[in-house]
Number of protein chains: 2
Amino acid sequence: MNSQNSNLQDKLSEYYSSIFEKELIDDIIKVGRFESIESGNLLIDIGQDLTHIPLILSGVVKIMRQENEDEELALYYLERGDTCAISFVNCIDHKRSIFRGIVEKDVEVVFLPVEVIDDWLQKHKTWRRFIIDSYHLRLLEMVDAIDGLAFMKLKNRMLKYLIEKVKITQENILDITHQEIANDLNSSRVVVSRMLKQLEQENKIEMRRNKIIIESF
Amino acid sequence: MNSQNSNLQDKLSEYYSSIFEKELIDDIIKVGRFESIESGNLLIDIGQDLTHIPLILSGVVKIMRQENEDEELALYYLERGDTCAISFVNCIDHKRSIFRGIVEKDVEVVFLPVEVIDDWLQKHKTWRRFIIDSYHLRLLEMVDAIDGLAFMKLKNRMLKYLIEKVKITQENILDITHQEIANDLNSSRVVVSRMLKQLEQENKIEMRRNKIIIESF
DNA sequence: TTCGATGTGTAACTAAAGTTACAGAGAATA
DNA sequence: TATTCTCTGTAACTTTAGTTACACATCGAA
């Protein structure tokens with residue numbers, strides 16, 4: 001085990017010791033594969049075989065749904081303490097992922113092999129709670145996505161998207177292009193520019209090249 | 001315990017004995033409250049306190065999301081073997097429901113008090129699997145709803161809705177008005193009539209007063 | 001049979017979002 | 001500095017969906 005991994009182990013303990021019992025943390029260290037993945041890479045892709053589930057130690061992963069080549073939609077973000085719960089039963093059933101997970105901010109992650117999961121559910125109460133909570137949180141975020149798509153106009157959906165992004169990045173100056181926003185919202189660049197201009201006129205944002213400053217959040 | 005309830009117990013055993021171990025079924029009978037609810041009534045409403053989770057023995061419940069007075073959206077249906085998994089953690093946390101559940105076809109249901117749930121997760125392997133599976137199924141249905149909203153035109157979304165309805169009712173002659181469809185899709189009656197006419201011209205459906213016959217499913 | 005309630009058809013219009021096309025600004029690099 | 005690439009602004013137009021308004025059909029109850 002190299003020094004980078006033992007560093008990751010420290011991070012695991014640091015955050016998760018308040019959530020998981022010591023025995024569980026020991027188990028995770030025993031069987032988990034620690035990895036660092038740089039921004040821009042895929043954590044998981046649609047159709048990919050799920051043999052491990054990821055436990056995020058740091059960084060941000062954007063979870064997307066993709067219909068085809070040029071139709072996609074950002075759903076939610078994974079941060080420290082999150083796992084892609086949907087991969088869980090998929091794992092057990094040896095199914096394939098229905099999401100793409102793109103690393104937005106370099107992540108440190110532990111991959112846990114599917115075999116241990118079910119065992120841990122029985123063995124560790126905190127693990128049980130963690131998995132159920134994960135499912136629940138994702139479910140709530142899905143409902144949020146549905147509300148946005150069903151009930152909101154694009155302009156407000158976009159503002160919501162921007163504000164969410166501010167929360168995730170901890171930074172109210174977003175480093176993003178109109179095209180990227182359009183991709184995440186399954187809209188088009190021209191429309192996004194139009195709406196952004198309106199938001200700017202309402203003093204909710206300010207625009208710079210490659211940047212958007214969110215005033216109200 | 002009256003005769004109706006012992007009848008419901010039979011139904012419980014009948015279907016669930018292949019899923020749950022005998023001890024679990026006994027536990028359910030011990031603490032569950034058996035009930036029959038007629039079509040048109042609410043199984044659960046948004047904001048309602050969740051002290052029990054429902055286990056459907058027969059019938060159909062439509063789960064909806066509501067934004068306000070006249071904005072709502074049908075999400076999915078619960079049938080025999082289903083539970084409203086989202087109510088699960090809500091229960092534990094004493095939260096309130098974020099869904100409405102309307103009985104579409106008279107249901108028979110067992111209500112299980114929240115207190116026993118966590119205990120059973122540890123005690124019964126099949127219960128654990130059941131709860132996780134429930135979350136997972138709902139999650140998949142949400143993704144389906146998202147795909148529909150994000151990527152499909154209303155006409156096709158409506159056809160999908162109608163076909164889903166055929167599956168649920170086991171009946172390709174649907175007893176439904178244009179207004180009801182509009183409500184479930186968060187659209188308007190006039191638009192629905194328009195699209196239905198198009199679908200009819202494409203020979204995918206036939207229209208009658210209060211009825212729609214689905215040809216292709 | 002009449003009347004009212006409910007359901008459907010359709011036209012005309014409006015609103016929201018997407019598309020095409022092109023101009024021009026800013027940054028990066030030769 | 002000139003050239004190229006990426007990003008943004010905007011006009012003009014199309015498509016999709018929602019709204020308003022009204023006619024007419026069907027059904028059941030008075």
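We name chains A, B, ... by the order of the sequence lines, and we start the count at 1 in each one.
- Note that the CG atom of A:Asn172 and the CD1 atom of A:Ile205 stand 12.0 Å from one another [nearest 0.5 Å].
- Between the CD1 atom of B:Ile181 and the P atom of C:dG7 there is a distance of 12 Å, rounded to whole Å.
- Evaluation of the side chain to side chain contact (heavy atoms under 4.5 Å, CB included) rule for B:Leu137 yields no partner, not counting sequence neighbours.
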Listing, residues 141-153 of chain B side-chain donor-acceptor contacts under 3.5 Å, not counting sequence neighbours, or none:
from	atom 1	to	atom 2	distance (Å)
B:Glu141	OE2	B:Arg138	NH1	2.3
B:Asp144	OD2	B:Lys160	NZ	3.4
B:Asp147	OD1	A:Arg65	NE	2.9
B:Asp147	OD2	A:Arg65	NE	3.0
B:Asp147	OD2	A:Arg65	NH2	2.8

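- Across residues 151-159 of chain A, A:Lys153, A:Leu154 each have a non-hydrogen atom less than 4.0 Å from an atom of DNA chain C (numbered order).
- Counting all heavy atoms, side chain and backbone alike, A:Ile56 lies closest to A:Tyr16 at O-OH, 2.9 Å.
- Listed by chain and residue number, A:Asp175 satisfy the salt bridge (charged side-chain N to carboxylate O under 4.0 Å, His left out) test with A:Lys211 (two or more places apart in sequence, or in another chain).
- Here B:Glu215 pairs with nothing under the side-chain hydrogen bond (donor to acceptor under 3.5 Å, both in side chains) rule; sequence neighbours left out.
- Listed by chain and number, the residues in a side-chain hydrogen bond (donor to acceptor under 3.5 Å, both in side chains) with B:Lys204 are B:Glu202 (sequence neighbours excluded).
- The distance between atom CG of B:Asn186 and atom C1' of D:dA17, rounded to the nearest whole Å, is 12 Å.
- Remark: P of C:dT8 and CD of B:Glu206 are 15 Å apart, rounded to the nearest angstrom.
- For the side-chain hydrogen bond (donor to acceptor under 3.5 Å, both in side chains) test, no residue two or more places apart in sequence or in another chain qualifies with A:Asn186.
- The A:Ser193 side chain lies nearest to D:dG9 when the options are D:dG9, C:dG9, C:dA17.
- For A:Ser193, the side-chain hydrogen bond (donor to acceptor under 3.5 Å, both in side chains) partners are A:His178, A:Arg189, not counting sequence neighbours.
- Comparing A:Asn210 and B:Lys197, the nucleotide of DNA chain C nearest to each residue sits closer to the 5' end for B:Lys197.
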Atom pairs, N/O to N/O, protein against nucleotides 19-24 of chain C, distance under 3.5 Å?
from	atom 1	to	atom 2	distance (Å)
C:dT19	O4	A:Arg194	NH1	3.4

What nitrogen or oxygen pairs link the protein and nucleotides 2-4 of chain D at under 3.5 Å?
none

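- Between B:His178 atom NE2 and C:dT10 atom P the separation is 11 Å, expressed in whole Å.
- Here A:Ile176 pairs with A:Tyr161, A:Lys165, A:Leu174, A:Glu180, A:Ile181, A:Ile212 under the side chain to side chain contact (heavy atoms under 4.5 Å, CB included) rule; sequence neighbours left out.
- Spacing between atom CD of A:Gln201 and atom P of D:dG9 amounts to 11 Å, rounded to whole angstrom units.
- Going from atom NZ of B:Lys211 over to atom P of D:dT26 covers 15 Å, rounded to whole Å.
- The separation between A:Arg208 atom CZ and C:dG26 atom C1' is 14 Å, rounded to whole Å.
- Here B:Phe130 pairs with B:Phe20, B:Trp127 under the ring pair (Phe, Tyr, Trp, His ring centres under 6.0 Å) rule; sequence neighbours left out.
- When the C1' atom of D:dT8 is taken as reference, atom CG of A:Leu174 falls 17 Å away, rounded to whole Å.
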